[in-house]
Amino acid sequence: MKNMGDFPTFLVVGLLIFSCLSYVRSDASDHRYKDGDAVPLYANKVGPFHNPSETYRYFDLPFCSPDHVTEKREALGEVLNGDRLVSAPYKLNFKEEKDSSVVCKKQLSKDEVAFFRKAVDKDYYFQMYYDDLPIWGFIGKVDKEGKTDPSEYKYFLFKHIQFDVLYNKDRVIEVNARMDPHSLVDLTEDKEVDAQFMYSVKWKETDTPFEKRMDKYSMSSSLPHHLEIHWFSIINSCVTVLLLTGFLATILLRVLKNDFIKYGQDEEAADDQEETGWKYIHGDVFRFPKYKSLFAAALGSGTQLFTLTVFIFMLALVGVFYPYNRGALFTALVVIYALTSGIAGYTATSFYCQLEGNNWVRNLLLTGCLFCGPLFLTFCFLNTVAIVYSATAALPFGTIVVIVLIWTLVTSPLLVLGGIAGKNSKAEFQAPCRTTKYPREIPPLPWYRSAVTQMAMAGFLPFSAIYIELYYIFASVWGHRIYTIYSILFIVFIILLIVTAFITVALTYFQLAAEDHEWWWRSFLCGGSTGIFIYAYCLYYYYARSDMSGFMQTSFFFGYMACICYGFFLMLGTVGFRASLLFVRHIYRSIKCE
């Protein structure tokens with residue numbers, strides 16, 4: 001009960017995390033309207049369809065703008081998501097139909113025509129929100145029919161939008177936007193063009209209840225043929241897990257059984273033959289690793305990221321991250337990461353003290369910077385790129401101040417409190433065998449027992465269990481596909497943890513059997529190596545499965561994916577080491593070590 005003093009600190013953290021669940025939940029608009037009432041319509045952003053990170057403000061293109069452009073006040077997650085909602089030039093009052101209503105008449109200059117033509121050539125789309133329901137559409141089209149030379153292509157801008165709105169009694173249920181293919185502005189030549197922008201609104205009653213109006217967006221990822229692929233992925237992963245665990249368990253149990261029999265012989269028999277294998281290094285196997293401060297910091301950061309992932313899955317499974325709940329995921333990531341920093345501080349400092357480390361303050365600083373440092377540097381570079389491009393991904397100064405305040409007033413104090421609690425825990429490292437004064441020399445090992453080779457083996461198997469699901473996640477994060485099958489994703493995550501733990505334990509045993517006692521860092525690197533494979537998959541996805549292009553999109557994709565894969569490396573490395581530590585303690589506790 002000596003650690004009960006630490007309980008209030010983490011009880012507070014737990015209560016804060018619990019309270020944040022209601023903060024993250026951002027339910028859809030529940031407005032009721034009367035005939036003729038103004039329904040909020042916001043224009044959000046425009047950008048190249050194939051470059052999801054490269055988005056701009058709606059009125060960066062020379063559309064008709066209202067007399068007074070009103071910016072919608074946005075939450076932190078919406079700003080991080082690149083949303084910049086402003087009042088749209090269209091008026092869609094409740095149940096009020098319009099036919100070819102003129103928004104504005106405008107003479108496009110040569111520069112504006114060239115600007116629009118470039119946007120049409122890059123497949124620019126627009127996004128709006130009507131009563132919190134998303135509206136998508138392309139701003140124009142390129143006529144390539146019967147033309148092989150790009151100089152012969154014709155470029156057209158859509159100037160008439162048809163809004164089709166479904167309602168149920170006094171609520172908006174669904175909205176769609178169709179572009180009139182016959183109402184076009186020719187942008188092919190560099191000359192001034194007169195354009196008359198118009199819109200029509202049609203209303204139709206539906207029986208769909210308000211509570212199910214978002215189901216339309218979730219269904220796209222739950223179509224039968226998509227579910228078949230997901231379940232095939234699950235079955236494939238499960239078969240991989242069963243074969244792997246069965247095969248390795250059979251080998252390990254048989255080998256360990258023989259080892260226990262051999263090492264359990266009486267002392268006379270043991271004196272007659274020299275010790276070999278993993279028992280031979282019992283005096284070195286619990287020798288503390290090099291760079292123990294860095295090792296403890298990596299464990300602390302990995303534990304925090306694992307906790308963060310579990311909480312995100314909890315929120316996803318209870319339905320917080322429904323489609324187009326703008327910024328909910330980013331808000332959850334920021335808030336929960338800040339509130340779980342105490343876990344990183346406690347884990348790192350307590351383990352560092354168990355390893356007989358002296359400078360726990362430096363260890364705490366290293367823990368706080370190990371993941372946040374690279375993430376901050378990456379953000380600074382990418383935010384600068386976004387500012388140069390004038391993209392909505394560039395965070396406003398006020399948002400940066402808010403994030404700095406969260407880090408200063410929440411993350412850092414909780415990290416320090418967790419560190420103090422970890423230092424005061426006075427826990428001792430549980431080693432079943434005494435460590436000798438001088439380390440044994442490690443015998444020369446063949447190339448296939450090197451760290452790089454074992455990392456490749458350890459990373460490939462967990463990656464093979466998740467790679468099918470990875471495509472859908474990438475298509476959602478770096479594309480416009482909607483992903484809502486979080487239950488399947490959670491199963492895949494559990495499989496990933498099991499395979500990572502088991503393959504790391506197996507490789508740790510083979511390393512110890514070869515009389516190599518430096519298993520601490522090796523188990524961490526082998527467990528985390530799946531993150532390297534995921535980053536290698538990024539290269540494949542970028543060049544073979546996507547149409548992303550341009551410096552900004554490329555830098556955002558590889559920059560932020562590097563941070564995500566680094567987070568996976570720390571998290572899975574922690575899982576691998578913890579599993580190996582349990583295994584090593586178990587086998588050395590089962591034999592008689594002198």
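Because the structure is a prediction, the values reported are computed rather than measured.
For the pair E78 (side chain) and A75 (backbone), a donor-acceptor distance under 3.5 Å is present. Formation of a donor-acceptor pair under 3.5 Å by the Q107 side chain with backbone atoms of E192 is not found in this model.
Judged purely by distance below 3.5 Å, without hydrogens or angles, the side chains of S341 and T411 never pair a donor atom with an acceptor atom. In this model, a donor atom of one side chain and an acceptor atom of the other lie less than 3.5 Å apart for E469 and Y483. Inspection of the D83 and N44 side chains reveals an N or O donor paired with an N or O acceptor under 3.5 Å. A donor-acceptor pair shorter than 3.5 Å cannot be found between the side chains of S109 and D111.
Ring pair Y540/Y537: centre-to-centre distance below 6.0 Å. Y58 and F63 have their aromatic ring centers within a separation under 6.0 angstrom.
Using cut-offs of 30° and 60° for the angle between ring planes, the F558 and Y542 rings count as tilted. In this pair, F379 and F376 present their aromatic rings tilted. The plane angle is within the 30 to 60° band. Ring-plane geometry between F557 and W478 is classed as perpendicular, the angle between the planes exceeding 60 degrees on a 0 to 90 degree scale with a lower cut at 30.
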### Task
Give the intermediate values and the outcome of side chain to side chain contact (heavy atoms under 4.5 Å, CB included) for residues T309 and M571.
CA-CA 9 Å; T309 306; M571 179 179 72; 3.4 Å; yes
### Query
So Y337 and Q304, side chain to side chain contact (heavy atoms under 4.5 Å, CB included) or not? Walk me through it.
CA-CA 8 Å; Y337 183 84; Q304 180 188 8; 3.4 Å; yes
### Message
For a salt bridge (charged side-chain N to carboxylate O under 4.0 Å, His left out) check, start with the C-alpha distance between K34 and D170, then their side-chain angles and the critical distance, and finish with the verdict.
### Response
CA-CA 6 Å; K34 297 177 181 178; D170 54 358; over 6 Å; no
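Within 6.0 Å of NZ on K105 lie no more than 12 heavy atoms contributed by other residues, nucleotides or ligands.
Exactly one of H160, K98, E97 qualifies for a side chain to side chain donor-acceptor pair (under 3.5 Å) with S200. That residue is H160. Results of the side-chain contact (heavy atoms from CB on, under 4.5 Å) test with V193 over D186, V113, T188, L187 single out V113 as the only residue that passes.
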